[in-house]
Asks: 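Before anything else, here's the structure in question.
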Number of protein chains: 2
Amino acid sequence: MSNGEDDAAVRARGRRPARPSGDDREQAILATAERLLEERPLSAISVDDLARGAGISRPTFYFYFASKDAVLLSLLDRVVTEADAALRAAFDAPAGSPREGWQRAISTYHATFRAHRALTVACAEARPASPEVRALWGEVFERWVQRCATVIEAERARGAAPAGPPARDLAVALLSMNERVLYGSLSGDGPALAEPDVVPVLLRVWLTAVYGEGPR
Amino acid sequence: MSNGEDDAAVRARGRRPARPSGDDREQAILATAERLLEERPLSAISVDDLARGAGISRPTFYFYFASKDAVLLSLLDRVVTEADAALRAAFDAPAGSPREGWQRAISTYHATFRAHRALTVACAEARPASPEVRALWGEVFERWVQRCATVIEAERARGAAPAGPPARDLAVALLSMNERVLYGSLSGDGPALAEPDVVPVLLRVWLTAVYGEGPR
DNA sequence: GAACGAGTCAACGCGCTGTCGAGAAACGGG
DNA sequence: CCCGTTTCTCGACAGCGCGTTGACTCGTTC
């Protein structure tokens with residue numbers, strides 16, 4: 001949800017009514033996690049690594065986070081909020097044709113996650129194992145699906161795009177493509193698109209899928 | 001590679017020169033793995049579960065497989081070989097237009113992996129952690145990319161498809177879409193396409209991407 | 001019948017996770 | 001100024017899953 005409640009509100013009402021000493025530790029853990037993720041996957045990072053990196057002992061770690069995954073979730077929450085805001089801005093930007101809107105959205109999506117490569121890859125890999133990560137990602141994905149579907153329907157309504165599969169289905173397929181292609185290109189695993197080619201190729205597929213005639 | 005060497009050749013030259021008793025155990029382990037994967041993810045299945053399910057003790061398991069992942073790899077190898085053969089057949093089938101070829105290929109892809117839902121999902125989830133799984137999947141993926149790229153180039157050469165991004169890049173993007181959409185629909189996680197909609201929607205995107213004009 | 005190799009398992013060591021209970025350190029009211 | 005309360009800290013424990021070791025059985029082979 002990226003509500004920030006699990007972070008801020010709990011902080012306010014529960015812990016830390018006056019003293020600000022332990023907040024640093026929490027930040028230190030997050031920073032350590034981000035740093036270690038640059039060099040190895042989450043599965044190769046133990047709670048002990050995180051704790052030592054933050055200058056505390058392992059049990060103390062559990063005072064701040066329920067698990068390793070909770071740290072990742074907290075990190076993901078920030079990035080996802082950032083991405084969502086950037087994406088909303090890209091869509092709502094007044095200037096240019098709708099096609100330029102797609103272009104802006106795809107570049108923004110790509111740029112945001114590329115700026116947090118290690119975290120993005122780690123989350124993609126943790127998703128199957130962590131219900132929370134799955135839920136959080138599912139929510140933003142659903143939001144983007146709806147946003148895209150709305151735009152597609154608007155384009156169809158004004159006659160700019162032809163009829164086709166349900167706009168929602170198209171959006172799911174295309175966003176899935178973005179996700180997988182981006183992951184491949186960031187993780188460097190297997191056959192992947194080279195960095196500079198990612199956006200133009202994705203854009204091309206989006207444009208033909210949205211504006212192209214179906215089988216004639 | 002699905003070369004079968006790690007399975008068959010090693011079997012022939014190393015172990016089992018005469019006695020056939022232990023082969024059943026190996027099959028029992030594979031069968032147990034496939035059965036247990038129907039009900040829970042690989043991460044929730046221990047080597048002990050596999051061993052007990054096959055009626056042997058845990059150390060004995062290691063006589064047959066190097067690890068849990070090796071079992072999965074062995075299972076994946078079979079499915080991937082099957083999928084590759086089916087896909088090759090779909091492409092090489094003489095009848096119909098090239099567009100029908102795409103349709104056959106996508107349905108075949110979908111049908112094959114759907115028939116092994118649990119295994120497919122497990123492999124997708126194990127891929128980040130297992131270099132062998134990653135390598136095997138990477139190989140078949142690359143093979144499919146090349147096959148698709150070849151067809152796209154042929155279509156362009158005969159004037160049926162317009163110029164566009166490098167055929168290889170297009171193939172990577174579209175196959176990535178297939179992979180992610182199929183995984184989503186099989187794992188039932190997050191926003192996904194409903195089973196019957198998967199093939200038509202994917203096909204539509206493929207056709208517009210390959211045959212549609214780019215931004216005009 | 002000795003030597004060999006396939007197959008089997010109890011027992012071990014390791015690294016990881018998460019928890020418990022006993023403290024130290026800071027506040028807040030009497 | 002002391003005392004209870006809350007925040008924070010960690011040593012030590014319990015448990016699980018992995019992969020290995022070493023010894024033991026049993027059929028085969030020479």
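In what follows, every chain begins at residue 1, and chains take the letters A, B, ... in the order their sequences are listed.
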Asks: Check whether any side-chain N or O of Thr60(A) sits under 4.0 Å from OP1 or OP2 of dC8(D), and answer yes or no.
Replies: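 For dC8(D), neither OP1 nor OP2 has a side-chain N or O of Thr60(A) closer than 4.0 Å.
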
Asks: Is a salt bridge present between Asp49(B) and Arg40(B), judged by a nitrogen-to-oxygen distance below 4.0 Å?
Replies: yes

Asks: Name the closest nucleotide to the Ser57(B) side chain, picking from dC9(C), dC18(D), dC10(D).
Replies: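 Of all the options, the side chain of Ser57(B) is nearest to dC9(C).
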
Asks: Scan Ser46(A) against the nucleic acid and name what it touches under 4.0 Å (heavy atoms): base, sugar-phosphate only, or nothing.
Replies: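 Sugar-phosphate contact only - Ser46(A) comes under 4.0 Å of backbone atoms but never of a base.
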
Asks: Grab the CG-P distance between Asp48(A) and dT17(C) for me, whole Å please.
Replies: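 Computing the Asp48(A):CG to dT17(C):P distance gives 8 Å.
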
Asks: Check the distance between dT20(D)'s P and Phe61(B)'s CZ and give it to me in whole angstrom.
Replies: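 For the pair Phe61(B) CZ and dT20(D) P, the rounded distance is 12 Å.
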
Asks: Please report the C-alpha distance between Tyr183(B) and Glu125(B) in whole Å, then the side-chain angles of each, then the deciding distance to 0.1 Å, and finally whether the side chain to side chain donor-acceptor pair (under 3.5 Å) criterion is met.
Replies: CA-CA 10 Å; Tyr183(B) 171 76; Glu125(B) 296 177 357; 3.0 Å; yes

Asks: Round to the nearest Å and state the distance from Tyr64(B) atom OH to dC9(C) atom P.
Replies: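 After rounding, the gap between these two atoms is 9 Å.
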
Asks: Rounded off to whole Å, could you give me the CZ-to-P distance for the Phe63(B) and dG22(D) pair?
Replies: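 Rounding to the nearest Å, CZ of Phe63(B) and P of dG22(D) are 18 Å apart.
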
Asks: Which one, dT19(C), dG18(C), dC9(C), comes nearest to the side chain of Pro59(A)?
Replies: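 Out of dT19(C), dG18(C), dC9(C), the nucleotide with an atom closest to Pro59(A)'s side chain is dT19(C).
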
Asks: Examine Trp137(B) together with Phe113(B) and report whether their ring centres are nearer than 6.0 Å.
Replies: yes

Asks: Given Arg147(A) and Leu87(A), is the side-chain contact (heavy atoms from CB on, under 4.5 Å) satisfied, shown in steps?
Replies: CA-CA 10 Å; Arg147(A) 218 172 284 164; Leu87(A) 222 38; 4.1 Å; yes

Asks: Within this structure, what is the CZ-to-P distance between Phe65(A) and dC8(D), rounded to whole angstrom?
Replies: 13 Å

Asks: Check the distance between dG15(C)'s C1' and Lys68(A)'s NZ and give it to me in whole angstrom.
Replies: 12 Å

Asks: Tell me the interatomic distance from Leu50(A), atom CG, to dG15(C), atom C1', rounded to whole angstroms.
Replies: 16 Å

Asks: Of all the choices, dC8(D), dA12(D), dC18(D), which nucleotide is nearest to the side chain of Arg58(B) once you look at every atom?
Replies: dC18(D)

Asks: How many Å lie between OH on Tyr62(B) and P on dC12(C), as a whole number?
Replies: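 Result: 18 Å.
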
